[in-house]
Protein chains: 2
Amino acid sequence: MPSRDAILDAAIQLADERGLEAVSMRSVAGRVGVTPMALYPYVGSKAALLDGMMGRMLRELLPVMAPAASWSGRLRDLAHAARSLSKQHPWVARLQLLRPAIEPDSVRVVDAIYQALLEAGVPAADVPRMERMISTFIIGFGASEAEGRFGRGTLDPRARRGQLPEGHLPGHYRLADVLDEPVDWDAEFEADLADLERLITAAARRVGNDRGEAADGG
Amino acid sequence: MPSRDAILDAAIQLADERGLEAVSMRSVAGRVGVTPMALYPYVGSKAALLDGMMGRMLRELLPVMAPAASWSGRLRDLAHAARSLSKQHPWVARLQLLRPAIEPDSVRVVDAIYQALLEAGVPAADVPRMERMISTFIIGFGASEAEGRFGRGTLDPRARRGQLPEGHLPGHYRLADVLDEPVDWDAEFEADLADLERLITAAARRVGNDRGEAADGG
DNA sequence: ACCTGAACACCGTTCAAGT
DNA sequence: ACCTGAACACCGTTCAAGT
């Protein structure tokens with residue numbers, strides 16, 4: 001029995017095992033034990049199948065925030081959950097960036113961030129922007145890590161200390177010691193979160209200072 | 001005469017006109033006036049073709065930073081150039097996230113950011129992380145805007161003030177006034193850049209305070 | 001040396017049949 | 001009501017010929 005849930009399960013499993021590019025109507029149908037065309041009444045199209053996969057991921061993200069915790073604790077919980085999700089399923093960040101967040105659970109996640117920012121004292125006029133900044137960063141970090149934008153590239157074979165003339169890549173030259181050390185991505189994510197929290201408290205402190213429209217309606 | 005440059009030009013034109021998904025070996029070959037297989041000696045593979053397109057984009061990004069300007073001026077120049085690039089070519093942000101930055105010009109852009117951060121007084125140990133944070137944000141913003149993650153979604157049809165019970169999406173409810181206004185994306189990008197600059201100066205101020213390894217070699 | 005043409009193993013999706 | 005099979009218009013890439 002196909003059923004929408006079984007189809008989404010098969011697609012998610014396939015993406016986990018062989019990557020998002022291995023998810024095709026034909027491969028999913030094969031795993032479910034059915035002909036490609038039998039999927040269409042349940043998922044509509046390939047694009048809708050991908051949206052459905054994303055919806056499932058977001059559903060796991062929601063119950064993670066303990067309502068009792070402070071705003072910063074809740075944001076931290078959410079950020080950590082998002083990161084562990086994109087470690088378990090390296091394809092979610094790409095999907096999140098490539099398809100607009102239509103699923104209803106995505107609106108609920110956004111709402112939870114709104115509440116945390118309001119509770120932190122961020123002026124209403126700045127809350128949606130900061131929500132977009134935070135989620136853009138978290139998704140972008142996950143995508144960069146998963147797709148290999150972080151790994152190599154920055155640090156080229158010839159970027160080792162002394163192996164290149166100082167004038168060519170002066171920044172890399174001066175940072176040779178630091179760049180030689182391996183990166184602890186968990187620590188980096190943590191440091192980035194601390195920076196984001198600094199921005200939030202700074203925005204809350206600025207209420208009514210450098211802008212006329214401080215604490216708005218609400 | 002094909003030539004690598006003519007092939008990349010055709011591919012870029014095609015992506016601008018009909019989107020990245022319209023770029024195929026067959027369509028590019030058609031535009032160049034040649035058989036698909038004739039491209040292979042010049043570009044190697046589809047993936048390498050995409051890398052080549054990205055390389056061309058990065059080359060436009062480099063000469064934009066006036067060496068005379070302050071570190072914050074140079075970072076601003078770079079950020080604005082990156083944003084106008086991803087407005088002209090909505091596919092670059094996606095490509096930047098999906099493929100590791102191997103092109104040599106990408107290393108040069110990273111180096112320019114390293115220099116700016118060092119000049120700002122950011123401790124060496126924090127410079128690579130902050131570079132990744134800044135570029136992740138800028139690329140993520142471009143991708144979110146281009147792929148439609150920002151546009152709709154957050155603000156649902158039923159998120160209008162009073163049209164939903166307060167208990168359901170409390171954050172959206174409290175922000176109804178703000179969410180009803182259209183977003184000025186240029187202003188938002190500017191405000192985000194100001195926030196990033198705050199993080200940089202804050203990191204510079206922390207030198208030698210909460211970490212042992214303050215101003216490193218160099 | 002450079003290009004072509006046919007072929008292989010794939011795609012998403014439509015449409016007419018089958019039970 | 002639900003599924004199948006053949007078909008259409010695509011992919012990237014290999015390989016043997018052509019000039």
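Chain letters run A, B, ... following the sequence lines, proteins first, then strands; residues in each count from 1.
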*How many angstroms lie between atom CD of A:Q115 and atom NE2 of B:H172, to the nearest 0.5 angstrom?*
10.0 Å

*A:E147 and B:R94 ion-paired at < 4.0 Å*: no

*NZ/NE/NH1/NH2 to OD/OE distance under 4.0 Å, B:E145 and B:R83*: yes

*Using side chain to side chain contact (heavy atoms under 4.5 Å, CB included) as the criterion, list what pairs up with B:E188, not counting sequence neighbours.*
A:R129, A:R132, B:F141, B:V183, B:W185, B:D192

_Contacts of A:I138 that satisfy side chain to side chain contact (heavy atoms under 4.5 Å, CB included) - sequence neighbours left out_ = A:A79, A:A82, A:I134

*Would you mind listing every ring-ring contact (aromatic ring centres under 6.0 Å, His included) that reaches into residues 9-33 of chain A, with sequence neighbours excluded?*
none

*Could you summarise the pairing of DNA chain D as dot-bracket text, marking Watson-Crick and G-U pairs under 3.5 Å with ( ) or [ ] inside the strand and | across strands?*
||.|||||...|||||.||

*Say you pick atom C1' in C:dA16 and the same atom in D:dC2; how far apart are they, in whole Å?*
15 Å

*side chain to side chain contact (heavy atoms under 4.5 Å, CB included) against B:P41, all qualifying residues, sequence neighbours excluded*: none

*asked:* Any carboxylate oxygen within less than 4.0 angstrom of a Lys/Arg side-chain nitrogen, looking at B:D105 and B:R56?
replied: no

*Going 5' to 3' through nucleotides 12-19 of chain C, assign each nucleotide B (protein heavy atom under 4.0 Å from a base atom), S (under 4.0 Å only from sugar-phosphate atoms) or - (no protein heavy atom that close).*
BBBB----

*Nucleotide C:dC11, atom C1' - distance to CG of A:L49 in whole Å*: 14 Å

